[in-house]
Structures are given as structure tokens and as C-alpha cells.
Amino acid sequence: MSDAELWRRSVEGETEAFGSLFDRHAKAVYNFVFRRIASWSDAEDLTSLVFLHAWRRRAEVVLVHDSALPWLLRTADYVLRNEWRKQHFRRLNLLRQAPAANEPDHAEWVAARIDDEREAKRLRALLRKLPRHEREIVELCFWSGLDAAAAAVALDIPLGTVKSRMSRARKRLRDLSVAVGTEALEDLS
């Protein structure tokens, strides 16, 4: 039976006739697609799409020399181009969603954060060794960024008292840091 007769029967809804067309041309369509994309599994999927498209548009198919193969190969070309276009847009979307190349590595940020927490705990342990009135000065002046005059107002004590406590706190912290073998408190000098 010719392609023209099988196609006429397919248009009338005869699925067996379309199955015969599939059996006749599937290998040629598959080989055409495979040569273009070099992937066995993708070629199988795209060949299925070609014949699905042919089934849906079977009333519009134009046979060339009573053969459906030219139309099927042209359809395969369109299916391939559409697939490449979809993949191109998927890649573009992935690139838009990917972090910019100049962003710092998240792992470095996490590691720095963990190191900061460790250092803060260590400094906190050293500060606990200071008398409360000296610890308050360190917390206000060095950690909160107040100057001596503002710390005097915050603590309701004279400016001279703040300065003398600050001097004693620096000396004690230097001595404590040397005793535990660290140099992390250098910025207090």
C-alpha cells in the first residue's frame, strides 16, 4: 500500500494505517535526528514528537511523490530547531539564576562567620575576667563605638573615671591575652 493510501486512511482515523506509516518511516526519521544530535535517547524522544505532530496534523500533510518521508523529515527539522531553542532558553534562564561570578563563595562566608563566633566567645571569656566596671567601658567604647565622653554620660560617671578605667582595662586585657597566648586584642591598644 502506498503512503498516499495509508495517509488517506489515517486522516479518516484509521490508527493501523498510521502505525504502518510509522513502521515504514520511523527508522529514517530516527537516523536523521540522531545524525543531528548524536544522542540515542534524545533521538528516540524527538522521533516520537515528530510522529505525534504528524498524527495531530495528518489532515494538513502534503505528500511529495506519494511519499510522507519528505514531510516527516521537514517536521523533524522543525522539532529539532524547537528543541534547540528551548534548551537555549533553559540555559539562559539557568545563567540568570546562577550567582554572579564576582560574588564571594558562600562557604567562605560561613567559615568566616564560624571563626567570628569563636573569636567573640574567646573575647567574651577574657572580658568576664575583668571587673564589671572595666568590662562596661570596653563594651561601650570598643564594641559599641562610643567615645569616652559618651561613655561617661551613659554610665553617669566623670570623664576622668572613664579614661582611667579604659587604661586599666587595656593593660589587664593585654596581660590576659599574653597569658593565654593570643594577639587578638591588639586593636585595644
Path from [X] to [Y] over hydrophobic side-chain contacts below 4.5 Å:
{"X": "V33", "Y": "W40", "result": "no"}
{"X": "V162", "Y": "V153", "result": "no"}
{"X": "L73", "Y": "V61", "result": "yes"}
{"X": "V79", "Y": "F34", "result": "no"}
{"X": "L127", "Y": "L146", "result": "yes"}

Return the [atom1] to [atom2] distance between [X] and [Y], rounded to the nearest 0.5 Å.
{"X": "D42", "Y": "I37", "atom1": "CG", "atom2": "CD1", "answer": "4.5 Å"}
{"X": "L21", "Y": "L69", "atom1": "CG", "atom2": "CG", "answer": "10.5 Å"}
{"X": "F32", "Y": "R74", "atom1": "CZ", "atom2": "CZ", "answer": "11.5 Å"}
{"X": "N82", "Y": "D77", "atom1": "CG", "atom2": "CG", "answer": "9.5 Å"}
{"X": "D45", "Y": "Y30", "atom1": "CG", "atom2": "OH", "answer": "10.0 Å"}
{"X": "L6", "Y": "D66", "atom1": "CG", "atom2": "CG", "answer": "11.0 Å"}

Please examine the side chains of P70 and H65, heavy atoms only from C-beta on, and report whether any two atoms are closer than 4.5 Å.
->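 Not touching, per the 4.5 Å side-chain cut-off.
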
Using a 4.5 Å cut-off on heavy atoms from C-beta on, say whether the side chain of C141 contacts that of M166.
->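 Of all side-chain heavy-atom pairs linking C141 with M166, at least one is under 4.5 Å.
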
Side chain to side chain donor-acceptor pair (under 3.5 Å) partners for R9, two or more places apart | E5

If only atom types and distance count, is the side chain of [X] paired as donor or acceptor with the main-chain N or O of [Y] below 3.5 Å?
{"X": "D3", "Y": "A68", "result": "yes"}
{"X": "S164", "Y": "T161", "result": "yes"}
{"X": "W71", "Y": "V64", "result": "no"}
{"X": "S167", "Y": "K163", "result": "no"}

Let me see the working for W84 and H88 under side chain to side chain contact (heavy atoms under 4.5 Å, CB included), right down to the final yes or no.
-> CA-CA 6 Å; W84 286 333; H88 174 71; over 6 Å; no

Given the rule in the side chain to side chain contact (heavy atoms under 4.5 Å, CB included) test, do H133 and I157 qualify, once you have shown the distances and angles that lead to the verdict?
-> CA-CA 11 Å; H133 61 277; I157 58 175; over 6 Å; no

Donor-acceptor side-chain pairing of N93 and R96 below 3.5 angstrom =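 The criterion, which ignores hydrogens and geometry beyond distance, is satisfied for R96 and N93.
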
Exercise: identify the closest heavy-atom pair between [X] and [Y]:
{"X": "A154", "Y": "L140", "answer": "CB-CD1, 4.2 Å"}
{"X": "W7", "Y": "R58", "answer": "NE1-O, 2.8 Å"}
{"X": "S67", "Y": "H25", "answer": "OG-CE1, 4.3 Å"}
{"X": "L130", "Y": "E134", "answer": "CD2-OE1, 3.9 Å"}

May I ask you to say whether D115 pairs ionically with R118, meaning some side-chain N is under 4.0 Å from a carboxylate O?
-> yes

Lys/Arg N to Asp/Glu carboxylate O, E117 vs K121, below 4.0 Å =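 Here E117 does not pair with K121 in a salt bridge, since their nearest N and O are not under 4.0 Å apart.
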
What pairs meet the ring pair (Phe, Tyr, Trp, His ring centres under 6.0 Å) rule with one or both residues in residues 41-60, with sequence neighbours excluded?
->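 Qualifying pairs, neighbours excluded: F18-W55, F22-F51.
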
Kindly write out the residues that satisfy salt bridge (Lys or Arg N to Asp or Glu O under 4.0 Å) with D156, not counting sequence neighbours, or none if the list is empty.
->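 Checked D156 against salt bridge (Lys or Arg N to Asp or Glu O under 4.0 Å); zero matches.
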
